[in-house]
Amino acid sequence: MPASRGASFGSWRKYLAVCLAAPAFFTAGSAAAETRSFVLSHFYQAVYSQDNDCEGGPEPNIDVRFRGILADMGKTQKEIDELMDGFNGGGGAGPVHEILRNRGSPEGRRVFVGDNPTQVPDPNIRTVISKIGPGFDLDGKVNADSFEDPETHQKGLDNQYFRALGCFVSHRALPPDLPTSWSYFWDATRDRTKGWLISVEGSDLSQDGDVTVTFARAMETPIRTPKSLPQRDQTFRVDPTPRYINVYKGHQKDGVVTIEPGEKFHIVTGGGYLPLEMRMTHTQMRFKLTADGGVEGMIGGYEPWLDIYYMYAGGGYGYESMVGLNLPGIYYAMRRLADAEPDPKTGQNMSISTAYRFDGVPALVVKPARTASK
Amino acid sequence: MIKTQKLLSTVLALAIAGPAVAAEPATSGGQALIRRVTPSQYTQTIKDIFGEGIKLGGRFEPDLRANGLLAVGTAKVSVTATGFEQYYTMARAIADQVTDKDHRSTLITCKPAQARSPDDACTKQVISQFGRLLFRRPLTSSELDAQVIVARDAATSLKDFYAGLRVGLTNLLISPMFLFRQENVEADPAHPGKYRLDAYAKATRLSYLLWDTAPDDLLLRAAESGELHTDKGLKNQVTRMLGSKRLELGVRAYFTDMLGFDEFKTLTKDTVIYPKYTNVLTSQAQEQTLRTIVDLLVTNRGDYRDIFTTRKTFLTPSLGILYAVPVVVDRPINTPELWVPVEYPEGDPRTGILTHASFVALHSHPGRSSPTLRGKALREVFLCQKVPQPPGNVNFEEVQDANSVHKTVRARVNAHLVNPVCAGCHKITDPIGLALENFDSAGGFRTHENGEKIDTSGELSGVKFVGSGGLGQTIHDSEAVASCFVSRVFSYATGATPVQSQSAFVKYAEQRFTANGYRLPDFLQEIALSDAFFQVDGPRAPAPAAQKIQ
Amino acid sequence: MLIKRTDVASRRTVLRGFMGGAAVTVGLPLLDVFLNSNGNAFASGAALPSCFGTWFQGLGGAPGLWEPKVIGANYEMNQQMRFLAPFKKKINIYSGLKAHGRAPDHTIGQAIAFAGNYEDTIPQTIDTIIGDHIGTKTRFRSIEVACDGSTDSVSRRGPNIVNASEPSPIALYARIFGPEFKDPNAAEFTPDPDVMVRRSALSAVSEQREALLRTLGASDRARLDEYFSSLRETEKQLEIQLEKPAPMAACAVPAKLEKEDTGVIIDQARETQRIFAKLIAHAMACGQTQVFNVNFGGGTSRLRTAESAEVFHIYTHEEATDPKLGYQPTVNWFQEQTLQAVTDFVAALDSIKEGDGTLLDRSLMMYCTDHGYARYHTSDNIPMLTAGGAGGRIKTGYHIHAPGDPMTRVGLTVQQALGVPVDKWGQNDNETSKTFTEILA
């Protein structure tokens, strides 16, 4: 909508009565004539769930899985029925939860299986076997594990994180739908999570050409519309902590912006299904500026899979009993599917390819005064 | 340029008026009225007498707007059964709190001899103390005795002194003497054969005009001592009141009334089209304008006409979103948003209060802007010109259809002007309103509509201009704007539209307003010290004796 | 209406006489002659009292499945609400409403709907606010029930002061209809001395009428006269309170309960709720209480089927959307079970006939849930519903759509309808002074 474009930050910063006399934050392309900024509305794992993409179907539900685990532990049917009678919605205490939470504990100790996933053998959770999926070609190769993009049909896409968790019902979705769990967490944390900002800067953003892309974290939390999406045109200050400001060289072609691959990406998250400090290497990003003035795209790269695993384990037993995940199963699957940064001693890959979708609305972005009041 | 002009006009005005103060012309007219206290007056009065912590626990029935002001309507409304029920409920809630264990030690200035029995002396002291402040005059002995008896009976029945006091206080709070400002009249010794308001009615007019609350103790004392009837005594009180922080309450109350902010209670916006218009904006839109006006007219003693052109305002993050203006302020989650002062650059379209959501959103349809409603409001509110209602049989389809071939509101209203029946009225409203088309129905800023650049040229009484800035300057410079304001403030102060015999005073006040650089505090002083403000024709006509009350 | 001066004086004298003496007991037989032609009010004008209650179940919403497509009166029920179609004329549906504030969780929706605020805990809830206004004279100030075998309750007298729910229908039966139950129509009546005092005190104001009016011109006199007529209306209300209340013609003691089967299986909860609904309806018809709270299965609901330990709450987090249906099928099934339970409750109130109307007509039940989209646990577009007309104070049959407005608008409207003197309600972004005037009669 051209209306809001007229009100972009560039022409507006002088209006601030509070002292924000410092130059614009985005200094990389100081000759740039145009900057457009966005606050993200959503950020979630890129998946593409279809029928038959998991061997034997998706992972069974909690009731079935828990009964299965209890049976594997040697419980009789009668014992299992009694224990599951006390399942109590997956919450709270009770013998069944005590047993399952601490399953495989060493003799005489009670250890949460999520913290020590190897205290049980690999449960061999189902993982995605499909050839179709979203992601980026991070290694420049087409191999057995790589995906083909469902729309562009680009091959060689790496997204082992999707393979690892994509058979859990809560992590399944067919775009444009969001996976149930991801949408819940992004939503649940939104009002206490600072805005995530993307800015694109170029000499003329209506033309193809070189741009500078910045992905940073704001000091403000988005204000919401009646439908709870971030409002357009809210003002955000960039969090000045340099560690969480990511600046990339990029290029716009046919309305699609891509960055030069290979850089790092790091940001502080609001928790949920993201490690509190997200660290990515070999970063790739692709987005388009949408007709309504927003942004829509995907970011991906390699992330340390233990960061991701311990984020899930840190969510606690509730992720097993209420969301239906299998923590040791995730551990073993990610260890098996990890596809980058082999440990020099063991050869075990320590990073896993990931991809996330995002969308956002226009925002006014300013550099914070150094003396920003608390 | 603008500054020079302003300075020049001030200097010129001073030169015309001259240093010598022209005398107030003798006029007649004016009425002693019975006016229902407004919700804000009731609320502020209770707060002043009993303290901030007292909760009203009730709601008010709607006021009536007459001749552009609710203040004029207060002399026409009564109390309905539902309204009385609410007053009664509030009165009981207030009396309960005042006499409860938490408050009695600070608010009740005497102690009963026995807590479980009546104590007439203490009751009398409390009832007369609060009665004087609530009735805005001392209670008559029969009024006082009646409530002492009520309190005594109740204390006896309920075996509780404070329960008795509670009932007595409740009666004060539901009394017509409190709920209505009744202006008593007396013969004017200075002008034999003429009448004036008595000193309490005078104190009351002053207090509600300047502070929007009942007279305080000092003002009542000045009335009691007769000081208020002397020039010096009046001047002392007016000076004191104008110097008080409470002047802001009075100014806010006046503009809240004049700008029709009561209509926000029923204002709705289609949030599918205007997601920026959220719940908080209803109050923030009003507050933005009131802050802007108070800052300009009271804090900085500025020129009234500058409210249409000022580049200064105050914004919250949500208003920043609405106007697409950067607003940075720290705000912990789940706390009210904070305000920051903002100054727009020269030439910015967002200057002046006409561009505030409190004007453009208030005078729009729920799903589309309306140059007609805006133009009409502008003429009626700021220029005191009456715009006729549309005839009943008009086909509005073309104007309302946002999907029509016409991309902009201007094109749609122009299509409608082809009809000569409509054109007559619309040409006096629409060309003004079209200058505000950069602001959508919710007050959001826009430069395009359906992809087409918005043309904001406009016209007011032959003067052509472009955009909200041009409109603001044109209103600022128009002759009608000051005279309208003067007569509005005078109506607000007296509770009635000036009659023919008062027109000489209104004209005089307008000259003084101009001479004083259109400064509101000076103008309020002018009114507060004038004879015309307190002048009444005579006592209210008594009821015909023959009328039998059955 | 104008009043006779001599009447005022004499009534005041009489009332004073009452107060000086012993309490007046009035033991009248129940005769139809005392009922007005509708049979729902005392001939003197005293209507049967209003009743109010809340009905809560978490995990309520799935956008697009419950909201009617049309705003106003001429709407059709959307699929999840179809069970309520027979009661369409007696309910209102509210869509688009939001619980503002901190991140969505299971408490905020119910906290904002029922208490207007949520910080670390839920403050006083609407049922106790309204109860303090309408229901202080009944045997039970309120009745709370939970249908999943727990004692969970949404009702709060203040922060952390929870009115715990009764989980057992047998126990509730014993509480209401056990040996301590007294036939309301046989009970003696003692006028409230406080009301007598207030009635007497008011006449001291109304006595000023003539003296005041005499000094006024015609138009002012008419205005002040209206004030005094309005005062007279309040006097009449107090006089009604000093009369023996209307007989409870529909009061009947339900058959004694012999067995119960409570638990989290949805069939158990549905049946338990049906029994509770009947007991509450009869308790209100017999004047034992005017306030109720039903907690069907809680926020993080443990309700489940007999076949699986997997519960309603887990399904919301885990179940994927069916791409063909566009929603979570099992979650939808639970949500529909909930709305059928709501319908059972409404039907129970409506089945008690009182004159031309029903118990539902003089009651107001406020249904709310905690999430607009259970799958995301969001706090916007949270389904709300009211059933019953609160004795003609609420117009029914409407779908009201107020996107982005705080849920507190329903609570404020309901409070005002039931006579609570409040002009705004809620805190911070949830504060509102806007009622739904279109349904306030």
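Order of the sequence lines fixes the chain letters, A, B, ..., with proteins taken first and strands second; residue numbering starts at 1 for each chain.
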Working to the nearest 0.5 Å, report the span between [atom1] of [X] and [atom2] of [Y].
X: B/Ile46; Y: B/Tyr42; atom1: CD1; atom2: OH; result: 5.0 Å
X: B/Ser283; Y: B/Glu337; atom1: OG; atom2: CD; result: 9.5 Å
X: B/Asp262; Y: B/Ser40; atom1: CG; atom2: OG; result: 11.5 Å
X: B/Leu322; Y: B/Gln284; atom1: CG; atom2: CD; result: 9.5 Å

[options]: which one forms the most heavy-atom pairs within less than 4.5 Å of chain C?
options: B/Thr80, B/Leu56, B/Thr266, B/Val167; value: B/Thr80
options: B/Ala154, B/Pro176, B/Gly83; value: B/Pro176
options: B/Lys265, B/Arg59, B/Met90; value: B/Arg59
options: B/Val272, B/Val280, B/Leu158; value: B/Leu158

What part of [X] gets within 4.5 angstrom of chain C, counting heavy atoms only: side chain, backbone, both, or neither?
X: B/Ile174; value: both
X: B/Thr89; value: side chain
X: B/Leu172; value: neither
X: B/Lys55; value: neither
X: B/Phe180; value: side chain
X: B/Glu85; value: both
X: B/Gln147; value: side chain
X: B/Thr282; value: side chain
X: B/Met177; value: side chain

May I ask you to say whether [X] pairs ionically with [Y], meaning some side-chain N is under 4.0 Å from a carboxylate O?
X: B/Arg137; Y: B/Asp198; value: no
X: B/Arg36; Y: B/Glu61; value: yes
X: C/Glu239; Y: C/Lys236; value: no
X: B/Asp96; Y: B/Arg166; value: yes

*By salt bridge (Lys or Arg N to Asp or Glu O under 4.0 Å) - contacts of B/Glu186 (at least two apart)*: B/Arg196

_Centroid separation under 6.0 Å, is that true for the rings of B/Phe261 and B/Phe264?_
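Yes, they do, as the ring centres are separated by less than 6.0 Å.
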
*Aromatic ring centroids of C/Tyr94 and C/Phe436 under 6.0 Å?*
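Centroid separation for C/Tyr94 and C/Phe436: below 6.0 Å.
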
Counting heavy-atom pairs under 4.5 Å with chain B, which one of [options] comes out on top?
options: C/Thr437, C/Val420, C/Asp405, C/Val205; answer: C/Val205
options: C/Ala402, C/Pro406, C/Pro421, C/Ser219; answer: C/Pro421
options: C/Thr234, C/Asp194, C/Leu224; answer: C/Thr234
options: C/Arg223, C/Gln416, C/Arg198, C/Lys424; answer: C/Arg223
options: C/Ser230, C/Ser433, C/Gly404; answer: C/Ser230

_Which portion of C/Gln237 sits near chain B, non-hydrogen atoms under 4.5 angstrom_ = side chain

*Checking side chain to side chain donor-acceptor pair (under 3.5 Å) against C/Arg157, which of C/Thr128, C/Asp132, C/Thr125 comes through?*
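When side chain to side chain donor-acceptor pair (under 3.5 Å) is applied between C/Arg157 and each of C/Thr128, C/Asp132, C/Thr125, only C/Asp132 qualifies.
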
